[in-house]
Amino acid sequence: MKIPFNKPYFTGREAYHVAAAGATGKISGNGIYTGKCHSFFSQRYGFGKVLLTTSCTDALEMTALMARIEPGDEVIMPSFTFVSTANAFVLRGAKIVFADSSAENPNIDVNSIESLITSRTKAIVVVHYAGIACDIDKVMEIAARYNLIVIEDAAQAIDSYYKGRALGSIGNMAAFSFHETKNISCGEGGMLVVNDMDLAPRAEIIWEKGTNRAAFYRGEVDKYGWVDVGSSFLPSDLAAAYLFGQLDKLDDIQKKRKAIFDLYQNSLSVLQESGDIHLPVIPEYSSQNGHLFYLITNTPQQRDKLIRHLNQQGIQAVFHYLPLHLSQFYKDKYSGLPLSQAERYAACLLRLPFFYELTEDEISYIADMVFLFYKG
Ligand SMILES: *Cc1c(COP(=O)(O)O)cnc(C)c1O
């Protein structure tokens, strides 16, 4: 059996909507399908202002502009995350203050945040790893006391909830990804969410190259021009149409992906009980959204051997992230404490294949091969 790590899912509705977008005669950004996606997400999840972007990386870069990050400002975020979480703020000259992950799961250790705050701290960025919520009420409470901006890197967190509230609807701003490895996708794509409505008017300007073109098209101003900084963050309406073809089937996609997660969790629970591996911990305040499935080995050697073993059986298991505080780019700039949990996840976390079309047979084969490794 050959089982890839990821396989993009086509709902079959994408081509229809892309053709329909073409037939409107306007396929540049902020067209009809962009509007349809905006309404869908704001209605379904109670988001403030929603803007599709060309990637989550771009949405994160927008949040740094919106937060008016300047050279020397400090931004707190977990070290165990994708590079874009940090790069967005480094581009504005920020100093990144890396926090450790919690012992329970790879999300930021909320109890470590307060000791990292200084007079230069401007924002806290949290990542809902694997679509499992961090304890964001606690983060919001700390941010309120120190007057800091909270940004949710919700790249992996579409359709997931914290105490019944959609992830991405809680921080001042949030960024989602529609990259092909995420639950719903348009190849490369993303979304900025602005919940702090004081920040919202600027978002649209930054999105459209620093101009008030969006307000002009709504008839709110009689000419448009350069009013602020900005860039070209908006995707073509063809990408929005493709994404809309996925939204048609969102409930079906989510049902299937959550079932895959549960099946992995149930199939491997015996190995957790025997102390061989650790499985994802979902705190009672969080849902799971079937984004990815990981297990944690007891030692780095076991993780690397297990990956090799699975690869030999045709199963493409992978690992990620190298902790950012130890990266080639940042290690000489990092002056904080060792981050033992971030390093543990980097060394011991293993991701199993995860995609819509993964079958029950394939999952039981994968689970059998993990059993074989431990119980020979
Ligand atoms: C996927 C991902 C990103 C980047 O998303 P792109 O859309 O590829 O730019 C950022 N942060 C996290 C946590 C991610 O998983």
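As the structure lists them, so they are numbered: ligands from 1, and atoms in each ligand from 1.
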**Centroid-centroid distance, H320 to Y129, less than 6.0 Å** =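 Yes.
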
**Prompt:** Which pairs, with at least one residue in residues 133-168 and sequence neighbours excluded, count as a ring pair (Phe, Tyr, Trp, His ring centres under 6.0 Å)?
**Reply:**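 Counting only pairs at least two positions apart or across chains, the ring pair (Phe, Tyr, Trp, His ring centres under 6.0 Å) contacts touching residues 133-168 are Y162-Y285.
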
**Prompt:** Any chance the side chains of Y45 and D159 put a donor and an acceptor closer than 3.5 Å?
**Reply:**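 Note: Y45 and D159 side chains meet the donor-acceptor criterion.
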
Give a table of atom pairs where an N or O of ligand 1 lies under 3.5 Å from a protein N or O.
from, atom 1, to, atom 2, distance (Å)
ligand 1, 5 (O), S177, OG, 3.3
ligand 1, 7 (O), C56, N, 2.9
ligand 1, 7 (O), S177, OG, 2.7
ligand 1, 9 (O), C56, N, 3.3
ligand 1, 9 (O), T57, N, 2.8
ligand 1, 9 (O), T57, OG1, 2.5
ligand 1, 11 (N), D153, OD1, 3.4
ligand 1, 11 (N), D153, OD2, 2.8
ligand 1, 15 (O), Q156, NE2, 2.8
ligand 1, 15 (O), K182, NZ, 3.2

**Hydrophobic cluster partners of W226 (side-chain heavy atoms under 4.5 Å)** =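 Reading the cluster by chain and number, W226 sits alone, since nothing else belongs.
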
**Request:** Name all residues meeting the ring-ring contact (aromatic ring centres under 6.0 Å, His included) criterion together with Y224; count only those two or more places apart in sequence or in a different chain, and write none if there are none.
**Result:**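 Per chain and number, Y224 pairs via ring-ring contact (aromatic ring centres under 6.0 Å, His included) with F216.
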
**Request:** Take F41 and L247, measure what side chain to side chain contact (heavy atoms under 4.5 Å, CB included) needs, and give me the verdict at the end.
**Result:** CA-CA 9 Å; F41 288 117; L247 299 183; 3.6 Å; yes

